[in-house]
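Remarks on the structure that follows.
Because the structure is predicted, anything quoted here is derived from the model rather than measured.
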Amino acid sequence: PTDTFKEQYDNGDAQTKVQMNINKFILMINNQDYQAAYDVLNDNFKNNYFKTIDDFKNYVKQYAYKYNNMQVDSFDVNGNVYSCGVSLSDATNGAYVDESKGTGGSGYIYSWKFYMQLNDGYDFTLSFEVQ
């Protein structure tokens, strides 16, 4: 993390930290760094839904754009688990949209519901509702 990230994260409340971590996750996807994104997933979640990184990669390619803009729609806390609803929209205005997905093209909004646990420092684990 950059010094600016650390300062904002250290001074932020739980909601800020969760949103920053989700943004980091989306940036990993946008950079096609699927390994880094896969590594932050909760182990039990991976074992249940994405036994391999290829399973995860295929899911992301089906339910997200190649380059995504992120908007937070909801935030909730249940014990030490934070949930956050996020809308992903096409950041390229259709330049990389796979019309064969049947999603309605670049105007389609993908909805993801994330669940996060914040750990020490800048560490976190993530899961999400699988469609």
Side-chain angles (χ1 to χ4, degrees):
T2 64
D3 288 342
T4 304
F5 178 93
K6 289 178 183 177
E7 182 180 340
Q8 187 177 1
Y9 193 91
D10 291 341
N11 293 321
D13 60 7
Q15 184 172 353
T16 299
K17 292 176 181 180
V18 168
Q19 290 177 6
M20 289 177 74
N21 288 330
I22 292 172
N23 186 58
K24 189 175 5 172
F25 179 78
I26 298 302
L27 289 173
M28 293 171 192
I29 290 172
N30 286 351
N31 290 325
Q32 285 78 53
D33 190 352
Y34 299 109
Q35 185 64 57
Y38 187 73
D39 289 346
V40 301
L41 295 178
N42 175 282
D43 287 337
N44 290 333
F45 176 72
K46 281 193 280 195
N47 290 334
N48 287 332
Y49 295 101
F50 306 111
K51 294 195 186 313
T52 69
I53 190 169
D54 287 331
D55 293 340
F56 173 69
K57 207 184 299 189
N58 291 334
Y59 181 88
V60 169
K61 287 179 180 179
Q62 184 173 354
Y63 292 103
Y65 289 104
K66 184 170 184 174
Y67 301 104
N68 299 273
N69 287 324
M70 178 186 104
Q71 177 182 319
V72 174
D73 300 322
S74 64
F75 182 81
D76 197 21
V77 182
N78 188 0
N80 66 341
V81 177
Y82 302 91
S83 63
C84 192
V86 171
S87 295
L88 299 180
S89 59
D90 178 25
T92 68
N93 294 320
Y96 294 97
V97 173
D98 180 359
E99 298 294 346
S100 69
K101 284 186 186 179
T103 56
S106 64
Y108 186 79
I109 303 294
Y110 291 101
S111 295
W112 287 52
K113 179 90 174 216
F114 290 98
Y115 299 95
M116 182 179 298
Q117 286 185 289
L118 298 173
N119 300 325
D120 294 334
Y122 307 105
D123 188 39
F124 64 96
T125 57
L126 185 71
S127 61
F128 51 86
E129 286 183 6
V130 175
Q131 300 192 29

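The side chain to side chain contact (heavy atoms under 4.5 Å, CB included) test with V18 is passed by exactly one of N23, D13, L118: L118.
Closest of all the heavy-atom pairs between Q117 and N80 is NE2-ND2, 3.1 Å. Considering all non-hydrogen atoms of both residues, L126 and F114 come closest at CD1-CD2, 3.7 Å. The heavy-atom pair separating Q19 from C84 by the smallest distance is CG-SG, 4.4 Å. In this structure, L88 and A64 approach most closely via the heavy-atom pair CD1-CB, 4.1 Å. Scanning all heavy atoms of the two residues, the minimum distance from Q32 to K66 falls at NE2-O, 3.2 Å. When every heavy atom of M116 is checked against every heavy atom of F124, the shortest pair comes out as CE-CD1, 3.9 Å.
Counting non-hydrogen atoms of other residues, nucleotides and ligands closer than 6.0 Å to CG of N78 gives a total of 12 or fewer. The number of heavy-atom neighbours closer than 6.0 Å to OH of Y49, taken from other residues, nucleotides and ligands shown, is 12 or below. Counting heavy-atom neighbours within 6.0 Å of Q35 CD, excluding the residue itself, gives a total above 12. More than 12 heavy atoms of other residues, nucleotides or ligands lie within 6.0 Å of CZ in F5, so this atom counts as buried by the packing criterion.
Of the possible polar contacts, none joining the N68 side chain to the M70 backbone as a donor-acceptor pair under 3.5 Å is found. A donor-acceptor pair is defined here as one N or O able to donate and one able to accept, closer than 3.5 Å; such a pair exists between the side chain of K51 and the backbone of N47. Between the side chain of D90 and the backbone N or O of T92, at least one donor-acceptor pair lies under 3.5 Å.
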Working for side-chain contact (heavy atoms from CB on, under 4.5 Å), residues K113 and S83
CA-CA 7 Å; K113 179 90 174 216; S83 63; 3.8 Å; yes

Given side-chain contact (heavy atoms from CB on, under 4.5 Å), test E129 with W112 step by step and report yes or no.
CA-CA 7 Å; E129 286 183 6; W112 287 52; over 6 Å; no

Would you check, one step at a time, whether the test ring-ring contact (aromatic ring centres under 6.0 Å, His included) holds for F50 with F128?
CA-CA 12 Å; F50 306 111; F128 51 86; 5.8 Å; yes

Stepwise side-chain contact (heavy atoms from CB on, under 4.5 Å) test for F45 and Y115
CA-CA 11 Å; F45 176 72; Y115 299 95; over 6 Å; no

Stepwise side-chain contact (heavy atoms from CB on, under 4.5 Å) test for K24 and N21:
CA-CA 5 Å; K24 189 175 5 172; N21 288 330; 3.8 Å; yes

Side chain to side chain donor-acceptor pair (under 3.5 Å) assessment of S87 paired with D73:
CA-CA 7 Å; S87 295; D73 300 322; 2.4 Å; yes

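Cluster annotation: Y59 is connected to Y108 through the hydrophobic network of ILVMFWY side chains, with a link wherever side-chain heavy atoms come within less than 4.5 Å. In the hydrophobic clustering of ILVMFWY residues, with side-chain heavy atoms under 4.5 Å counting as a link, Y9 and L27 come out apart. No continuous path of hydrophobic side-chain contacts links Y110 to Y67 [ILVMFWY only; heavy atoms under 4.5 Å]. Both V77 and V72 belong to a common hydrophobic cluster when Ile, Leu, Val, Met, Phe, Trp and Tyr are linked at side-chain heavy-atom distances under 4.5 angstrom. A single hydrophobic cluster is seen to contain both V130 and L41, as judged by linkage of ILVMFWY side chains at heavy-atom distances under 4.5 Å, directly or through other members.
Within the cation-pi definition used here (under 6.0 Å to the ring centroid, within 45° of the axis), K46 does not qualify as a partner of F56.
A donor-acceptor contact closer than 3.5 angstrom is absent between the side chains of T52 and D54. A donor and an acceptor atom, one from each side chain of Y34 and N58, are nowhere located under 3.5 Å apart.
Here the side chains of Y65 and Y96 are not in contact, with every heavy-atom distance at 4.5 Å or above. Under the 4.5 Å side-chain criterion, counting only non-hydrogen atoms from C-beta, K17 is not in contact with Y122.
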